[in-house]
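Single-structure report; data block below.
In what follows, every heavy atom counts, from backbone to side chain, and hydrogens, waters and symmetry copies are set aside. Residue numbers start at 1 and run along the sequence shown.
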Amino acid sequence: MVNIARRFFSVNHMLKPNQYTNDTLPKSKEVYAITMKTAYPSIIETFLIGLMSLASNIMVGALGGTVGDNAIAAVGITGQPRMVLFACVFSLNVGVTAVVARRKGEEDRVKANETLSQSLVICFIIVILMAIIGNTYAKPLMLLAGAKENTQILDFAVQYFQITSIGFIFSSLAMVMNAGQRGVGNTKISMVSNLTADTTSLIFNYLLIDGNLGFPRFGVRGAAISVLIGNIVGFSMCLINLTVAAKEDRFLKLRFKLSNFKLRAETLKSVANVSLSALVEQVCMRIGFFTYARLVAGLDTPTIPALTTYTVCMNIQNMSFTFGDGLNIATSSLVGRSLGAKRPDMAIVYGKTSQRIGLVIASVLMCVFFFGRYHLIGLFTHTDKVLQMGGVIMLLIAFACPFQICQVVFNGSLRGAGDTKFVAVTSFISITFVRPILTWIFCYPIGWGLTGAWLSLVADQMMRFSLSFWRFSKGEWTKKKV
């Protein structure tokens, strides 16, 4: 058993015979050290951000009773409309990270900075439109997401969405700057700025949601104002780090000259080649997630708190996503830099190393979710029906954990190589069609309710894991040009 584990984690057993190059592979200890050095800031960042988001929802739920449960549901229901608006920015970030990482591997500092500055211009145009749409059409979007007319959930959701839409501008620009930093391996910078922003939000949550220390009691609006303040703080830190605090020898440094922000077809084409496929993926994902959340919202009745249970369980499941996302960020950077340095063998090794680390993390999370399921749900609410329904869902969340984390890591490798078309196609099939169709069948004709919705989510995760594992194992993605 020990020998099997040793082979599984050894770098020397990660490549097929035709995948070796003439270069010598570093030792396993060195590869894991490099991977963890790149990954740990992103893992800590995404985990703590997820934890703070969890704490924020717990604070909202602390409003108590039906108001608290409705507030949790309202904040949760804004999630998918917000992600739909963010789709363009997320896909742009994938392109920025992949292209900047490749330029870093090629040691082309000028092109890397051109990529970042011009991507910021494109992002600014997008987010202004996002903010206008978010404020103008907040109520129709919340109704489309499943909120019912003339309810407290709808009122809370509209208030929260309109205020946080203003923050789209600041958070999106910060995301693009951090995407560039991650591309060159500066994951600590992203960690510090995001954690500072979320800590700020958390502090103002405490002050504004329930009116502590003499501050006014704004309830759900207080949570939204806190997010906006945190977004502004995070953006300011990112901008300062790339300008006045950036040393001359730093690989990425923004200089506010008109020529630096002039759009150039060659630079934008490199980003677009990766981002357009990622945009298709994001759009497909958001349509699928939106439809999924809408079907779940349809299960909600005064006697069946499906929406509150869904929001609570999804908040907990997102904690496992944070580990996968952290590894995904690091893997994309390591793979892109390895391919830029003409080391496809190391790109494969880093992808598999991240997957091994992900499996270890998933094993721990499975135990936490299984044995601590009722304690975790109890942090949000003490409503008996939510605890009963959520306890069953948590078992499915624990089971899905390894598939979820591994598929995120494999897809991160493919994105880092620029193979975003394949990821987009798998997302299109699995998230846009398979998950919503299975959700409808399991929830309504069969009548399994919220449990059926989570069974469809598990099926989606297993399908995407199988497809991403197959694509990664073939190794053709290492030949992509960016």
Side-chain angles (χ1 to χ4, degrees), residues 76-95 126 130 133 137 140-146 272-299 306-307 310-311 313-314 317-318 321 324-325 328 396-397 400 403-412 414-415 418-446 448 450-472 477:
I77 212 168
T78 64
Q80 289 312 317
R82 182 173 64 250
M83 292 301 157
V84 169
L85 293 180
F86 266 133
C88 291
V89 177
F90 288 153
S91 57
L92 178 63
N93 290 344
V94 173
I126 293 170
M130 282 168 44
I133 292 170
Y137 299 103
L141 284 170
M142 295 306 104
L143 289 169
L144 185 62
N273 285 339
V274 179
S275 294
L276 288 178
S277 296
L279 177 60
V280 173
E281 177 197 357
Q282 283 293 323
V283 170
C284 293
M285 284 175 62
R286 298 311 156 195
I287 291 172
F289 288 151
F290 197 102
T291 306
Y292 175 73
R294 183 66 182 83
L295 288 167
V296 170
L299 298 168
L307 195 53
Y310 165 80
T311 303
C313 290
M314 192 57 78
Q317 184 176 34
N318 283 342
F321 267 114
D325 285 343
N328 167 31
L396 295 174
I397 290 173
F403 302 102
Q404 174 185 308
I405 290 179
C406 288
Q407 67 92 1
V408 169
V409 171
F410 284 137
N411 282 332
L414 299 178
R415 290 191 189 99
D419 191 14
T420 49
K421 287 183 181 178
F422 178 82
V423 182
V425 170
T426 57
S427 297
F428 176 70
I429 295 170
S430 190
I431 301 176
T432 310
F433 292 103
V434 174
R435 188 196 288 198
I437 290 171
L438 288 179
T439 300
W440 181 80
I441 293 171
F442 292 161
C443 290
Y444 295 96
I446 295 180
W448 287 343
L450 196 58
T451 303
W454 240 273
L455 284 171
S456 69
L457 186 151
V458 173
D460 163 40
Q461 293 289 354
M462 293 178 70
M463 180 176 179
R464 281 191 284 158
F465 163 76
S466 300
L467 291 170
S468 61
F469 175 74
W470 169 78
R471 182 71 167 188
F472 182 92
W477 52 275

Any side-chain heavy atom of [X] sitting closer than 4.5 Å to one from [Y]?
X	Y	result
Leu457	Met314	yes
Ser468	Thr426	no
Leu295	Tyr444	yes
Phe410	Phe465	yes
Leu438	Leu455	no
Val296	Leu450	yes
Ile431	Tyr292	no
Phe433	Ile429	no

Fill in: Check: Asn411 side chain, Gln407 main-chain N or O, donor-acceptor pair, under 3.5 Å
yes

What are the two closest heavy atoms between [X] and [Y], and how far apart are they?
X	Y	result
Ser456	Thr439	OG-OG1, 2.6 Å
Val434	Met463	CG2-SD, 3.8 Å
Thr432	Ile287	CG2-CG2, 4.3 Å
Cys443	Leu299	SG-CD1, 4.0 Å

Fill in: Whether Phe422 and Trp470 hold their rings parallel, tilted or perpendicular, with breakpoints at 30° and 60°
tilted

Worksheet item: Applying salt bridge (charged side-chain N to carboxylate O under 4.0 Å, His left out), which residue pairs with at least one partner in residues 421-432 are found, sequence neighbours left out?
Response: none

Fill in: Sequence neighbours excluded, every pair satisfying salt bridge (charged side-chain N to carboxylate O under 4.0 Å, His left out) that has a member inside residues 459-469
Arg435-Asp460, Asp460-Arg464

Item to complete: Walk me through it: do Asp419 and Val423 pass the test side-chain contact (heavy atoms from CB on, under 4.5 Å)?
Response: CA-CA 7 Å; Asp419 191 14; Val423 182; 6.0 Å; no

